[in-house]
Protein chains: 2
Amino acid sequence: MANHNHHSHVDCIRLVPIFNHLNDEQMHLIAQSAHEVQYVKNELLFRFGDKDDTLYIINNGRVRIYSLSESGREQTIRILHPGDFMGEVAILQTESYHSNYAEAISETSICRIHKKNLDQYLDRYPEIMRRILSDITKRLQLSEKQTVQVSTEPVEARIIDFLSENVEDEKNHTYVTLPMSKKDLATYLGTTPETISRKFSSLEERGLIKRHTQKCVEIFDLDALLFVSS
Amino acid sequence: MANHNHHSHVDCIRLVPIFNHLNDEQMHLIAQSAHEVQYVKNELLFRFGDKDDTLYIINNGRVRIYSLSESGREQTIRILHPGDFMGEVAILQTESYHSNYAEAISETSICRIHKKNLDQYLDRYPEIMRRILSDITKRLQLSEKQTVQVSTEPVEARIIDFLSENVEDEKNHTYVTLPMSKKDLATYLGTTPETISRKFSSLEERGLIKRHTQKCVEIFDLDALLFVSS
DNA sequence: CGTACCCTTGATGTTCCTCAATGGAAGTGG
DNA sequence: CCACTTCCATTGAGGAACATCAAGGGTACG
């Protein structure tokens, strides 16, 4: 599996907010126990129920975390970008099983650190734990917000909110680059691809947005858009 | 505000999983910086936007955390019982503002510990941080599960799942004591009181449950109930 | 005992999902 | 580089689940 090019491992450690406060020597130490793994697009990193006690750090690419409901429907929980980590349950429990699925949605490279190694670093550098806690607290707030939105806001408002949180300003134009397919976006927003498509069409007819490519949407007037959703 | 009956403070500390691994002397130390506060039913502990840097521990009673969506609808996020804590955002940030509302849904007494005191204990007893992280990780999993359910399962399945997670076996009968009003339950499950009422009626007609009082529901056949929802 | 709130039930309306067909983009192999 | 294939996006028609509005009945609490 892993190749032992230490240089890339340190890059991986340096990238992550939970480790990047350490000095070079300390990061090298941690990099020693990190194993790099590559995945191609659509490859699964793990599935629900897999036993696993490692921390995953995204080095390159993007990973989609999703779960399957009892009725078999997919729910995208979040998208991980370089520097994000997952598998934090492994930090605390001796026997831990994944409660979700993880899929590479592009060519992806990650670093894995086993719990038994991580435990040593947590004891030695307590700041790491603080930073992990900080990250998870943020994710909890996001997750709670997502729950509130899915159960109290109509689909259009959720789409607009999602767009407004992903805007990139660029030479006088406001663009959004969708980080995933509309199909996956639908499961993230708790709706269907058809409904997403219809809402986008409606927003376009009303002159609020313009679809350029599948992944790129131009927003003509963000304020007007936000006003519509309230 | 607080009365300084140290005995009750220690009870409060002893109750809480994040502190109860400490010895008596250590718990007494922490109890010194805990302030007890009492609330009557329906009283607000804090509101969205309040600045606050304390950790809250529930000593007695129950507290409901909820948020208001932009359209003004309530979403119950969770119910806290004795031994639960909240305000963990305060642990990490110097300036922290509440992102939710907290309301006592019965006569409630809590202990508050200020961040500046807590920080000392976190440094001295790293195990506390581990336990807080453990608790928040569990809550994150619950929150993600709630999102999945709200957006992929029909209301009836959500109700049944909620009931099955709150069963109490008691002299050959299976009961559920609802921890909140149906009105609040509705906002927790992402629906309306009317729909909850109708679904309960339907389950009762089908001979699966029986409503005894507002808060107490008997379940005749849990397995049959779970089968229905799948 | 009275009042207020919550729960329940009915009638109606709307949002959004499902099913189905077509069009288009992206990726694959020649 | 082009043809082929496959998956994704779009649009339409129909239907189901659930919200809303409104009124009556029960329950808890002062």
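Order of the sequence lines fixes the chain letters, A, B, ..., with proteins taken first and strands second; residue numbering starts at 1 for each chain.
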Review point. From D:dT20, C:dC16, D:dA13, pick the nucleotide closest to the side chain of A:Arg198?
Key: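 For A:Arg198, the side-chain atoms sit closest to D:dA13.
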
Check your understanding: Of the candidate nucleotides C:dT8, D:dT11, C:dG27, which contains the atom at the shortest distance from the side chain of A:Arg211?
Key -> D:dT11

Exercise for review: Would you mind classifying the nucleic acid contact of B:Lys199 as base, sugar-phosphate or nothing, using non-hydrogen atoms under 4.0 angstrom?
Suggested key: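 If one applies the 4.0 Å heavy-atom cut-off, B:Lys199 turns out to touch the sugar-phosphate alone, with no base involved.
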
Give a yes/no on whether any side-chain N or O of [X] is located under 4.0 angstrom from OP1 or OP2 of [N].
{"X": "B:Thr191", "N": "D:dC18", "answer": "no"}
{"X": "A:Lys182", "N": "D:dT10", "answer": "yes"}
{"X": "A:Ser201", "N": "D:dT11", "answer": "yes"}
{"X": "B:Thr192", "N": "D:dA19", "answer": "yes"}
{"X": "A:Ser181", "N": "D:dC8", "answer": "no"}
{"X": "B:Arg158", "N": "D:dA17", "answer": "no"}

N/O donor to acceptor pairs below 3.5 angstrom from side-chain atoms of residues 76-88 of chain B, sequence neighbours left out:
| from | atom 1 | to | atom 2 | distance (Å) |
| --- | --- | --- | --- | --- |
| B:Thr76 | OG1 | B:Arg64 | NH1 | 2.8 |
| B:Thr76 | OG1 | B:Thr187 | OG1 | 2.5 |
| B:Arg78 | NH2 | B:Phe85 | O | 2.9 |
| B:Asp84 | OD2 | B:His81 | N | 2.8 |
| B:Glu88 | OE1 | B:Arg139 | NH1 | 3.3 |
| B:Glu88 | OE2 | B:Arg139 | NH2 | 3.1 |

Check your understanding: Has the side chain of B:Glu194 got a donor or acceptor that lies under 3.5 Å from a partner of the other kind on the base of C:dC6?
Key -> no

Check your understanding: Relative to each other, are the rings of A:His98 and A:Phe46 parallel, tilted or perpendicular (30° and 60° limits)?
Key ->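 Parallel, since the angle between the ring planes stays under 30°.
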
Check your understanding: Between B:His173 and B:Phe220, does the ring centre distance come in under 6.0 Å?
Key ->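 No.
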
Review point. Between A:Tyr188 and A:Lys183, is there a cation-pi geometry (under 6.0 Å to ring centre, at most 45° from the normal)?
Key: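 Output no; distance or angle outside limits.
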
